[in-house]
Q: 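Structure incoming, see below.
Residue numbers start from 1 in every chain, and the chains themselves are labelled A, B, ... in the order their sequence lines are given, proteins ahead of strands.
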Number of protein chains: 2
Amino acid sequence: MTHIDFAYGRDATVQTNAKSDAAGEIHPCSACTVRTLTVCAALEAEELRRLAEILQTTRFDAGHTVFGEGEPAETLYNVTSGTVKVYKLLPDGRRQITGFLLPGDFFGLSVNDSYAYTAETVTPVSLCRFPRRRMEALLDEFPKMQRRLFSMASNELAAAQDQMLLLGRKTAKEKICSFLLLLSQRASRRGHKTNPVHVPMSRADIADYLGLTTETVSRTFTQLKTSRVISLLEGNKVQIQDMDDLLELAEGA
Amino acid sequence: MTHIDFAYGRDATVQTNAKSDAAGEIHPCSACTVRTLTVCAALEAEELRRLAEILQTTRFDAGHTVFGEGEPAETLYNVTSGTVKVYKLLPDGRRQITGFLLPGDFFGLSVNDSYAYTAETVTPVSLCRFPRRRMEALLDEFPKMQRRLFSMASNELAAAQDQMLLLGRKTAKEKICSFLLLLSQRASRRGHKTNPVHVPMSRADIADYLGLTTETVSRTFTQLKTSRVISLLEGNKVQIQDMDDLLELAEGA
DNA sequence: GCCCAGCCATGATCTGGATCAAAGAATAAA
DNA sequence: TTTATTCTTTGATCCAGATCATGGCTGGGC
């Protein structure tokens, strides 16, 4: 399908941090892992040390394909900074984006031995790599970690069901409002400012995420702007005028 | 939302099988569990015995609500026989069915403490109940079981992504063809006849699963019948004339 | 048997969002 | 600075599928 530069193109740099796990010295990538795995799974020092050993950090420019659908799934990723989109394609090129991944999110987990979707960077991104084999061994050893991963998968499943409701039954306006709310909520969960929401992805990406066209996305944004529900600010920021209003619009009330 | 008869209505019977776990004597419900958990997780005799202890079997007529969205999630279910649908509703009644569950499938797993969707029987059904608290304790004790559950969640996630592609980007005809293929594949995986596929759900249910209306589902079925892709048989059975044909139609090739 | 209530099919019409087209903005390259 | 190039907005038109309406079919209750 798409060409994948799996062995690190020139826009990618790799660094292992097996050596930087001395007490007190935490690599940014370890930091993300601490955030996502530790806090909820209450890992022990030993587990953390072992985890840090298998981590690697990678950087990509915007628009880089991290891996393609059907490729052998050898790595699990965690987003350290930036935004990643994952999508599936139909033979004639129609595209459905199934998720946008923000710092702290995992992707690349696969049941079979190959990825079920393509992952591409939306902005410049840094990723934390977990080699699959080693990760599996670690999971067997530390059930708490597995439990945490399971709970994340369950959360994703619930989100997927919300998205199916959106795709199958909501109108264009409801879709856009739901999308803005989602971004706002995710920002809040990561401890960021929730109101002027940062929307780093293009109209085309939003369209492919919501099952619309770019034209409809654009029209709906201006329509929401005209009716004073939102206003568009500099730097891909969207100001929500009335959160409750938006919440009702998102469900068609 | 919908009224739920959580404590077993008159159309439900309950039986525990804590006493029927003597060697050689396997209750139908244990049988389903053996199939779904054992085969892949390679459980030990001890684990099986403990599992059998917490199982209960329940039967419901067609059209019974097993649990409703938002209710406290106290039970995990496994389908022993029959078909169950799970769905989400919008305030104005629009409905999205997010899945049909066949024998061997689990449902009712929840991250929070409440169900994220409503579950309703499509046909008469018998279910295997796993009390949540006890199940969690068991999972902590036997990581292999948790691993198996995790792998099932991952599979579901992949299926959810396929469904998003379908809902967001496929035409009515492609949706119906994909749906028939899905039923056929699931039948095959459960070791049933894959060709005259049994379609136990109503046109309305299919519509709400595919993001269409009953009229469009009906029209598309007759259209496929007219163009000799399928034929409709007695007893809710659909005969697929050319499997490859259907496969291409499902992806818009 | 008969009646009633859901289902299912099919026709007629309407419409939300797609498609086609083209003119601004923004960003990057030269 | 000027010039490509890509992204966004907006307008005009079209159409797949929704909506509205009707009749036929089937199964369950009495």
Q: Take the protein atom CD1 of B/I176 and the nucleotide atom C1' of C/dC8, then report the distance between them rounded to whole Å.
A: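 Taking CD1 of B/I176 and C1' of C/dC8, I get 14 Å after rounding.
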
Q: Would the distance check show the side chain of A/Q96 and the main-chain N or O of A/L89 forming a donor-acceptor pair, the cut-off being under 3.5 Å?
A: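 Judged by distance alone, no pair lies under 3.5 Å.
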
Q: What does the B/S/- profile of nucleotides 11-22 of chain C look like, 5' to 3', with a 4.0 Å heavy-atom cutoff to protein?
A: BB----SSBB--

Q: Hey, is the side chain of A/T222 poking within less than 4.0 Å of OP1 or OP2 on D/dT10, counting only N and O atoms?
A: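 The answer is yes; a side-chain N or O of A/T222 sits under 4.0 Å from OP1 or OP2.
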
Q: Test your reading of the model: is there a side-chain donor-acceptor pair from B/N195 to the backbone of B/I240, 3.5 Å cut-off?
A: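 Yes, B/N195 side chain to B/I240 backbone: donor-acceptor pair under 3.5 Å.
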
Q: Please work out which of the three classes, parallel, tilted or perpendicular, describes the rings of B/Y115 and B/F67, given edges at 30° and 60°.
A: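 Geometry flag for B/Y115 against B/F67: parallel rings.
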
Q: Tell me: CD of A/Q223 to P of D/dT10, nearest whole Å?
A: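 Answer to the nearest Å: 11 Å.
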
Q: Could you tell me whether the side chain of A/D92 and the main chain of A/R94 form a donor-acceptor pair under 3.5 Å?
A: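 Present.
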
Q: Please state how far atom NZ in B/K175 lies from atom C1' in D/dA16, giving the value in whole angstrom units.
A: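 Atom-to-atom, B/K175 to D/dA16, this comes out as 11 Å.
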
Q: Quick test of your reading of the model: are A/D208 and B/R169 salt-bridged, counting only N-O distances below 4.0 Å?
A: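 Result for this pair is yes, salt bridge flagged.
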
Q: Just checking B/S218: base, sugar-phosphate only, or nothing, at a heavy-atom cut-off of under 4.0 Å?
A: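 If one applies the 4.0 Å heavy-atom cut-off, B/S218 turns out to touch a base.
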
Q: Rounded to whole angstroms, how far apart are CG on A/L232 and C1' on C/dG24?
A: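 For the pair A/L232 CG and C/dG24 C1', the rounded distance is 16 Å.
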
Q: Give the rounded distance in Å between these two atoms: CG of A/N236 and C1' of D/dT6.
A: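 Checked: the CG to C1' distance equals 14 Å.
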
Q: Specify the separation, in whole Å, of atom CD1 of A/I206 and atom C1' of D/dC7.
A: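 The distance from CD1 of A/I206 to C1' of D/dC7 comes to 12 Å, rounded to the nearest Å.
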
Q: Between B/K170 and B/D162, does any NZ, NE, NH1 or NH2 come within less than 4.0 Å of an OD or OE carboxylate oxygen?
A: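 No salt bridge links B/D162 with B/K170.
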
Q: Could you state the atom-to-atom distance from CD of A/E234 to P of C/dA25 in whole Å?
A: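 Spelled out: CD on A/E234 to P on C/dA25 is 14 Å.
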
Q: How close or far is atom C1' of C/dT10 from atom CZ of B/R203, stated in whole angstroms?
A: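 To the nearest whole Å, that distance equals 13 Å.
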
